[in-house]
Number of protein chains: 2
Amino acid sequence: MTDTQLDTQIRTQLVNHEVRYTSGRKRVVAAIVAADGPRSAAELHETLGRGVPLSSLYRSLSVMADAGVLSPHHSSKGVTRYELSEWLVGHHHHLVCTSCGAVDDIELPTEAEAALERLVAGAADTGGFTSTGHALEIEGRCSQCT
Amino acid sequence: MTDTQLDTQIRTQLVNHEVRYTSGRKRVVAAIVAADGPRSAAELHETLGRGVPLSSLYRSLSVMADAGVLSPHHSSKGVTRYELSEWLVGHHHHLVCTSCGAVDDIELPTEAEAALERLVAGAADTGGFTSTGHALEIEGRCSQCT
DNA sequence: TTCCTTGCAAACGATTTGCATTGGA
DNA sequence: TCCAATGCAAATCGTTTGCAAGGAA
């Protein structure tokens with residue numbers, strides 16, 4: 001199986017954490033890459049056609065998150081969705097549908113992102129809190145839920 | 001029992017939704033008001049000294065959220081925290097500790113908030129998505145977790 | 001061969017719900 | 001009085017884990 005550029009980065013990162021990039025995990029990553037936003041274990045289980053049992057899915061997700069390849073995201077009720085970490089796909093934000101809970105990626109224009117960073121830098125670091133990052137969620141209704 | 005101004009707003013809102021503002025619910029609201037950020041059922045159960053059983057707590061939280069008095073917030077793994085809705089306490093954002101999961105409120109300076117709103121307005125409304133609000137999470141380490 | 005990974009089933013923790021009882025308007 | 005609220009226990013739901021079998025280095 002020919003590794004894409006992305007696969008190579010991921011494999012390297014995993015190997016550095018003594019984690020194997022197995023075919024099952026490759027399928028999981030592929031499903032996440034194909035999605036346009038973070039996905040939950042259940043959603044992935046659905047798109048992977050039951051070929052990967054839930055428990056393995058959960059384990060793969062957690063292992064790859066520990067290795068820094070995936071990042072967890074919490075938005076709708078009790079479900080954790082995963083996406084590729086930002087060092088792999090770049091910094092971005094999310095559009096969250098308050099009706100169905102769907103989450104889509106959105107990248108801000110460079111000037112907007114810069115403004116946001118300035119703003120966060122100015123506001124954080126209050127009372128002993130040290131900021132290490134930020135996440136902007138734009139809430140609304142997605143096209144399906146109008 | 002003397003209602004504060006806030007209690008009155010809440011009672012009115014609840015009554016409009018045929019929901020009663022009982023003493024138990026008042027205690028829940030008081031605990032949330034006393035906190036400086038959203039709180040989970042478990043955390044409230046703790047501070048309320050076991051006087052309110054968990055199941056009732058969950059029920060109260062969900063009923064008051066449906067009535068628009070409380071707003072749910074999802075950040076750390078599988079726990080839902082509630083806070084007073086913004087029409088009661090004003091618009092604000094959150095400082096989230098990536099280590100312990102604690103969440104604190106933070107209010108942006110007016111100009112910063114205005115800038116943020118402009119930024120969101122410009123970025124959203126992409127591909128059929130209609131934005132109705134935004135939430136900024138500033139991630140980092142709280143004073144306890146340094 | 002040595003470990004990591006996989007699968008299945010059982011275990012968990014957070015949250016929800018059925019039902020009989022209590023309490024508020 | 002009448003219907004919503006409460007408590008307890010049982011049920012759910014998403015997620016985790018123990019353990020034996022399979023697979024990659």
Side-chain angles (χ1 to χ4, degrees), chain A residues 1 3 7 10-29 31 38-46 48-67 69-82 101 103, chain B residues 1 3 7-8 10-29 31 38-46 48-67 69-82 100-101 103:
Chain A
M1 46 179 84
D3 272 21
D7 275 323
I10 293 175
R11 163 165 283 122
T12 304
Q13 176 79 2
L14 289 180
V15 167
N16 288 342
H17 286 259
E18 37 245 342
V19 169
R20 295 176 188 159
Y21 195 28
T22 62
S23 65
R25 290 174 183 174
K26 256 184 118 157
R27 266 182 285 158
V28 172
V29 166
R39 290 294 179 266
S40 67
E43 291 164 343
L44 293 169
H45 187 238
E46 176 65 31
L48 289 176
R50 274 30 70 73
V52 181
L54 263 181
S55 68
S56 301
L57 240 173
Y58 276 113
R59 237 180 307 229
S60 295
L61 292 172
S62 116
V63 163
M64 291 195 283
D66 287 347
V69 167
L70 300 181
S71 297
H73 180 261
H74 310 281
S75 47
S76 11
K77 299 194 35 86
V79 301
T80 303
R81 287 166 215 263
Y82 292 85
V103 184
Chain B
M1 46 176 88
D3 272 19
D7 275 323
T8 307
I10 293 175
R11 162 167 282 120
T12 304
Q13 176 79 2
L14 289 179
V15 167
N16 287 343
H17 286 259
E18 37 246 341
V19 169
R20 293 175 189 161
Y21 196 28
T22 63
S23 64
R25 290 173 182 177
K26 257 184 117 158
R27 266 181 285 158
V28 172
V29 166
R39 290 294 178 266
S40 67
E43 291 164 343
L44 293 169
H45 187 238
E46 176 65 30
L48 288 175
R50 277 28 72 72
V52 181
L54 264 179
S55 69
S56 300
L57 240 171
Y58 277 113
R59 238 181 304 231
S60 294
L61 292 172
S62 115
V63 164
M64 291 194 284
D66 287 347
V69 166
L70 300 181
S71 298
H73 180 261
H74 309 282
S75 46
S76 13
K77 298 196 35 90
V79 301
T80 302
R81 288 166 215 265
Y82 291 86
C100 70
V103 184

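Residue numbering restarts at 1 for every chain, and letters A, B, ... go by the order of the sequence lines.
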From R20(B) atom CZ to S60(B) atom OG, the distance as rounded to the nearest 0.5 Å: 13.0 Å

Among all residues two or more places apart in sequence or in another chain, which pass the side chain to side chain donor-acceptor pair (under 3.5 Å) test with S71(B)? S85(B)

Nearest-0.5 Å distance that lies between atom CG in L48(A) and atom CG in L57(A): 6.0 Å

Where R27(B) and V52(B) come nearest, the two heavy atoms and their spacing: NH1-CG2, 3.7 Å

Give the rounded distance in Å between these two atoms: NE2 of H45(B) and C1' of dG13(C). 15 Å

R25(B): what forms a salt bridge (charged side-chain N to carboxylate O under 4.0 Å, His left out) with it, not counting sequence neighbours? none

Using a heavy-atom cut-off of under 4.0 Å over every strand shown, decide if V63(B) touches base, sugar-phosphate, or nothing. nothing

Scanning both residues in full, the closest heavy-atom pair of M64(A) with V29(A) reads SD-CG2, 3.9 Å

Quick check for you: name the first and last nucleotides of DNA chain D, 5' to 3', having an atom under 4.0 Å from a heavy atom of chain B. dC3(D) to dT16(D)

Shortest non-hydrogen contact from H17(B) toward Q13(B): CD2-O, 3.1 Å

Kindly determine whether D7(A) and K26(A) satisfy side chain to side chain contact (heavy atoms under 4.5 Å, CB included), including the steps that lead there. CA-CA 8 Å; D7(A) 275 323; K26(A) 256 184 118 157; 3.6 Å; yes

Sorted by chain and residue number, the ring pair (Phe, Tyr, Trp, His ring centres under 6.0 Å) partners of H74(A) (sequence neighbours excluded) come out as none

Shortest non-hydrogen contact between L14(A) and A67(A), atoms and distance: CD2-CB, 3.7 Å

With sugar-phosphate meaning primed atoms plus P, OP1 and OP2, does V52(A) contact a base, only sugar-phosphate, or nothing at under 4.0 Å between heavy atoms? nothing

Axis bend over the full length of the helix from dT1(C)-dA25(D) to dA25(C)-dT1(D), computed from five pairs that close each end, to 10 degrees: 40°

Without decimals, in angstroms, what is the distance between E18(A) CD and dT2(C) C1'? 14 Å

Summarise protein proximity over nucleotides 15-25 of chain C in one line of letters, 5' to 3': B for base, S for sugar-phosphate only, - for none, counting protein heavy atoms closer than 4.0 Å. BBBB----BB-

